[in-house]
Amino acid sequence: MTIHIYNSLKRSKEVFETIEPGRVKMYVCGPTVYDSCHIGHARSVIVFDVIYRYLTAVGYDVTYVRNFTDIDDKIINRSNELGVSPESLAEKYIDEFHFDMDGLNVLRPTLEPRATDHIDHIIRIIEILMNKEYAYAVDGDVFFSVDLFNGYGKLSGRKLEDMEAGARVEVDQRKKNPFDFVLWKASKPNEPFWDSPWGKGRPGWHIECSAMSEDYLGASFDIHGGGKDLIFPHHENEIAQSEAAFGKTYVKYWIHNGFVNINHEKMSKSLGNFLMIKDIVKEYHPEAVRLFLLSHHYRSPVDFTDQGIKNVAAGLDKIYALLERAEKYLGSLPDANSDYNKDVIPPTKDFRSLFSSAMNDDFNTAQGIGVLFDAVRNINRLLDQTNQTDDIENRQLIHNECLNIIKIGKILGLPSESPRTYFKQKKEKIINKESFDAETIEAMIQERQDARKAKDFNKADEIRDRLKSMNIEIEDRPEGTIWKVLS
RNA sequence: GGCGGCAUAGCCAAGUGGUAAGGCAACGGCCUGCAAAGCCGCUAUUCUCCAGUUCAAAUCUGGAUGCCGCCUCCA
């Protein structure tokens with residue numbers, strides 16, 4: 001089994017070989033905590049959540065670090081606007097981040113360090129850079145001199161001389177090169193500060209990631225991830241700082257996820273079209289959000305539309321309906337950690353290894369989801385045949401095939417609930433939203449059953465139509481009529 | 001101005017040299033009182049267009065067109 005990863009640094013897929021056998025050290029840029037999380041945060045976090053889950057599942061000992069940027073201009077500005085301290089603002093949005101991401105069934109990383117807990121370390125790195133003369137101080141600010149770092153631009157594929165500095169923003173005249181960036185920023189009055197050899201101030205944005213990653217993963221580690229937009233300047237600057245300071249290759253594999261558009265438009269402040277996670281999950285099941293995002297390759301852009309997520313929500317129903325059906329047949333669904341029945345005739349298609357093949361090819365979750373649906377159809381087919389061949393072999397085969405789905409589900413983070421819980425939640429959601437209750441629906445179904453018994457099919461169909469207009473669909477199953485909420 | 005990406009069925013979306021996964025939707029069939037669900041079948045002789053390389057191209061090369069991103073804080 002070989003994993004191939006698209007490395008932004010090389011602009012090509014490479015064989016994944018860890019620095020230390022069996023261990024993966026991975027760092028992903030987390031949020032700046034000054035506002036609620038939007039669907040774009042969700043994508044990045046979910047993409048790397050799945051990568052983390054997969055690497056763990058195939059046996060690596062993964063140390064996964066995702067930071068919080070809890071000191072920054074945006075935080076200071078927002079806290080001034082609201083009249084609260086930067087610390088409490090950060091605290092509030094860290095809590096909200098956790099709430100949102102837990103809700104999306106995202107696993108917590110191994111470590112979630114905060115910039116403000118690493119100020120000493122940040123200062124130490126800046127001192128190294130000063131001693132090595134990669135950095136220079138002006139009026140309490142400290143800048144990194146990009147001209148002195150050989151290889152500046154290697155990640156983003158830019159050359160300093162080709163870039164149009166100051167095209168959109170005025171250049172600080174104190175910089176030796178317009179692309180020099182700030183390592184340490186002198187504080188203005190009434191701003192939070194820490195003491196440093198260059199006076200009171202706070203860290204620049206990029207240096208914190210160099211400090212925190214070095215602290216927990218060392219000067220050289222395997223995977224660094226984040227959104228595509230971070231390639232320049234953030235990750236470019238991280239490389240410059242870290243490699244200049246420590247003299248080692250900073251990161252082996254750079255992974256960058258694509259953006260989420262909303263109805264064909266980029267999310268932006270001017271359009272006011274930020275879609276917040278907390279709002280999306282009011283409308284859609286969190287796993288529908290996951291399924292939607294993971295149905296696209298992580299490097300491609302994704303266009304978020306109501307129709308798009310409704311379509312995948314229907315697909316999610318299909319998966320859970322299969323699990324419900326299988327659970328009824330088997331008595332209980334297999335546990336994710338349980339073993340396969342070994343006496344079974346090997347199936348024609350090994351969905352588990354097909355899924356792994358997809359994931360091994362640069363974490364192709366979109367293809368993997370295709371395999372998942374293939375597996376669902378396969379089990380439905382087997383269950384259709386159970387009337388003819390309800391023997392122990394068939395049960396074991398279905399058990400094994402369901403176990404595939406559940407093991408795949410552990411990597412994608414969906415399906416992760418019991419079918420009963422899933423459908424129950426859906427029902428509760430519509431009941432809360434609409435002005436009817438379960439009893440009303442049950443009564444209508446009973447009324448229809450009575451009509452059917454009396455062969456009054458006109459009345460029965462009329463009741464069914466009425467339910468349908470309430471967004472309720474019914475299914476007459478051998479064991480009785482059930483109802484469900486339409487997606 | 002510099003750098004990069006994308007274009008596959010009605011819609012969404014995999015596929016990066018060997019003859020077009022999967023989902024949603026539609027249609028036909030089985031099942032059903034009728035439905036729904038599920039299954040089966042059908043739905044792109046073809047991958048924006050043009051030229052080229054090759055026994056073989058959606059996949060490689062050149063060109064055209066269209067769309068998008070980054071170069072400023074951004075996931």
Side-chain angles (χ1 to χ4, degrees), chain A residues 8 11 13 28-32 34-35 37-48 72-74 77 153 156-159 161-170 179 205 225-234 236 256-261 264 266-269 274 291-292 295-297 299-303 305 307-319 321-322 324-325 354 358 361 364-385 452 455-458 460-461 464-465 468 473-477 481-484 486-487:
Chain A
S8 305
R11 273 162 231 105
K13 279 186 201 171
V28 174
C29 288
T32 300
Y34 73 107
D35 204 350
C37 292
H38 53 65
I39 182 74
H41 293 108
R43 186 179 194 194
S44 176
V45 169
I46 287 170
V47 161
F48 289 102
D72 155 279
D73 286 352
K74 292 192 292 291
N77 292 340
S156 53
R158 293 155 209 269
K159 293 189 181 93
E161 56 272 26
D162 289 342
M163 287 192 288
E164 210 174 307
R168 294 163 74 180
V169 163
E170 207 175 321
F179 288 98
W205 172 37
K228 252 189 167 100
D229 53 321
L230 297 180
I231 292 173
F232 191 90
H234 185 52
E236 195 69 65
H256 292 100
N257 64 275
F259 267 34
V260 181
N261 293 323
H264 319 295
K266 189 188 164 168
M267 279 192 284
S268 72
K269 292 218 163 66
F274 280 90
L291 186 60
F292 176 76
S295 294
H296 303 68
H297 187 90
R299 282 188 277 120
S300 308
V302 167
D303 192 30
T305 60
Q307 197 51 51
I309 193 153
K310 274 181 183 149
N311 287 351
V312 301
L316 188 63
D317 275 1
K318 184 178 185 159
I319 298 169
L322 172 272
E324 187 184 42
R325 201 181 166 200
L354 286 170
D361 183 13
N364 194 334
T365 53
Q367 191 170 55
I369 285 165
V371 175
L372 178 64
F373 278 105
D374 241 348
V376 166
R377 177 153 31 83
N378 182 250
I379 301 173
N380 267 319
R381 206 182 289 145
L382 291 169
L383 286 165
D384 281 354
Q385 293 161 2
R452 288 179 73 206
K455 302 254 186 253
D456 184 354
F457 294 120
N458 284 338
D461 291 348
R464 184 171 58 202
D465 289 344
K468 189 145 192 180
E473 188 147 79
I474 53 174
E475 273 179 49
D476 295 325
R477 294 188 182 179
T481 299
I482 63 111
W483 63 278
K484 58 182 188 173
L486 286 169
S487 288

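Here is the naming used below: chain letters follow the sequence lines, and residue numbers restart at 1 for every chain.
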What is the distance from [atom1] of [X] to [atom2] of [N], rounded to the nearest Å?
X: A:I319; N: B:rG38; atom1: CD1; atom2: P; value: 12 Å
X: A:H296; N: B:rA7; atom1: NE2; atom2: P; value: 13 Å
X: A:H234; N: B:rC73; atom1: NE2; atom2: P; value: 11 Å
X: A:F259; N: B:rA75; atom1: CZ; atom2: P; value: 8 Å
X: A:E324; N: B:rA36; atom1: CD; atom2: C1'; value: 14 Å
X: A:Q307; N: B:rC12; atom1: CD; atom2: P; value: 11 Å
X: A:L230; N: B:rA75; atom1: CG; atom2: P; value: 7 Å
X: A:I369; N: B:rC12; atom1: CD1; atom2: P; value: 17 Å

Original post:
With nearest nucleotides of RNA chain B determined for A:D361 and A:P301 from heavy-atom distances, which residue corresponds to the more 5′ nucleotide?
Top reply: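 Per heavy-atom nearest nucleotide, the more 5' residue is A:P301.
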**OP:** With RNA chain B as reference, determine whether A:V376 or A:C29 sits nearer its 5' end, using the nearest nucleotide of each.
**Re:** A:V376
Subject >> Parallel, tilted or perpendicular, as decided by the 30° and 60° cut-offs, for the rings of A:F179 and A:F232 >> reply: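 Ring orientation of A:F232 relative to A:F179: perpendicular.
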What contact category does [X] fall into here, base, sugar-phosphate, or nothing, at under 4.0 angstrom with non-hydrogen atoms?
X: A:S268; answer: nothing
X: A:G308; answer: nothing
X: A:G227; answer: sugar-phosphate
X: A:T305; answer: nothing
X: A:A321; answer: nothing
X: A:K484; answer: sugar-phosphate
X: A:N261; answer: nothing
X: A:F232; answer: sugar-phosphate
X: A:H297; answer: sugar-phosphate

Just name whichever nucleotide pairs with [N], Watson-Crick or G-U, keeping both distances under 3.5 Å, else none.
N: B:rA21; result: none
N: B:rG41; result: B:rC27
N: B:rA51; result: B:rU61
N: B:rC3; result: B:rG69
N: B:rA75; result: none

Using OP1 and OP2 only, check whether a side-chain N or O of [X] sits under 4.0 Å from [N].
X: A:N364; N: B:rG15; value: yes
X: A:S300; N: B:rA14; value: yes
X: A:N257; N: B:rA75; value: no

Original post:
Among A:V260, A:N311, A:V302, A:I39, whose side chain to side chain contact (heavy atoms under 4.5 Å, CB included) with A:F292 holds?
Top reply: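 Testing A:F292 for a side chain to side chain contact (heavy atoms under 4.5 Å, CB included) against A:V260, A:N311, A:V302, A:I39 leaves exactly one candidate, A:V302.
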Gap in Å between the two [atom1] atoms, one belonging to [N] and one to [M], rounded:
N: B:rU16; M: B:rA57; atom1: C1'; answer: 10 Å
N: B:rG22; M: B:rC31; atom1: C1'; answer: 25 Å
N: B:rU59; M: B:rC47; atom1: P; answer: 9 Å
N: B:rU48; M: B:rC12; atom1: P; answer: 14 Å
N: B:rA44; M: B:rA36; atom1: C1'; answer: 30 Å
N: B:rA75; M: B:rG38; atom1: P; answer: 39 Å
N: B:rC49; M: B:rC6; atom1: C1'; answer: 16 Å
N: B:rC55; M: B:rC60; atom1: C1'; answer: 16 Å

Looking only at the side chain of [X] (C-beta and beyond, no hydrogens), which of the listed nucleotides [options] gets closest?
X: A:R325; options: B:rG38, B:rC24, B:rA36; answer: B:rG38
X: A:R377; options: B:rG22, B:rA14, B:rG33; answer: B:rG22
X: A:K318; options: B:rG15, B:rG38, B:rC70; answer: B:rG38
X: A:K266; options: B:rG69, B:rG15, B:rC39; answer: B:rG69
X: A:R158; options: B:rC34, B:rC71, B:rG33; answer: B:rC71
X: A:V260; options: B:rC70, B:rA75, B:rC24; answer: B:rA75
X: A:D374; options: B:rG33, B:rG22, B:rC39; answer: B:rG22
X: A:R452; options: B:rG33, B:rG15, B:rA75; answer: B:rG33
X: A:Q367; options: B:rG15, B:rC70, B:rA36; answer: B:rG15
X: A:E475; options: B:rA14, B:rG33, B:rA36; answer: B:rA36

Original post:
What about A:D461, does its side chain sit under 3.5 Å from the base of B:rG33 through a donor-acceptor pair?
Top reply: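 In this structure, the two groups form a donor-acceptor pair.
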**OP:** Kindly indicate whether the side chain of A:D384 and the base of B:rC40 share any N or O donor-acceptor pair separated by less than 3.5 Å?
**Re:** no
Original post:
Do NZ/NE/NH1/NH2 and the carboxylate oxygens of A:D461 and A:R464 come within less than 4.0 Å?
Top reply: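 Salt bridge: yes.
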Subject >> salt_bridge(A:R377, A:D374) N-O dist < 4.0 Å >> reply: yes
Is the backbone N or O of [Y] less than 3.5 Å from a side-chain atom of [X], with the two atoms forming a donor-acceptor pair by type?
X: A:N364; Y: A:Q367; result: yes
X: A:K159; Y: A:G153; result: no
X: A:E473; Y: A:K484; result: no

How close do [X] and [Y] get, counting heavy atoms only, and between which atoms?
X: A:N257; Y: A:S44; value: OD1-OG, 3.3 Å
X: A:K228; Y: A:R299; value: NZ-O, 2.8 Å
X: A:T32; Y: A:K74; value: CG2-CE, 4.2 Å

Subject >> A:F373 aromatic ring stacked with six-membered ring of B:rG23, 5.5 Å and 30° >> reply: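 No; centroid distance or tilt outside limits.
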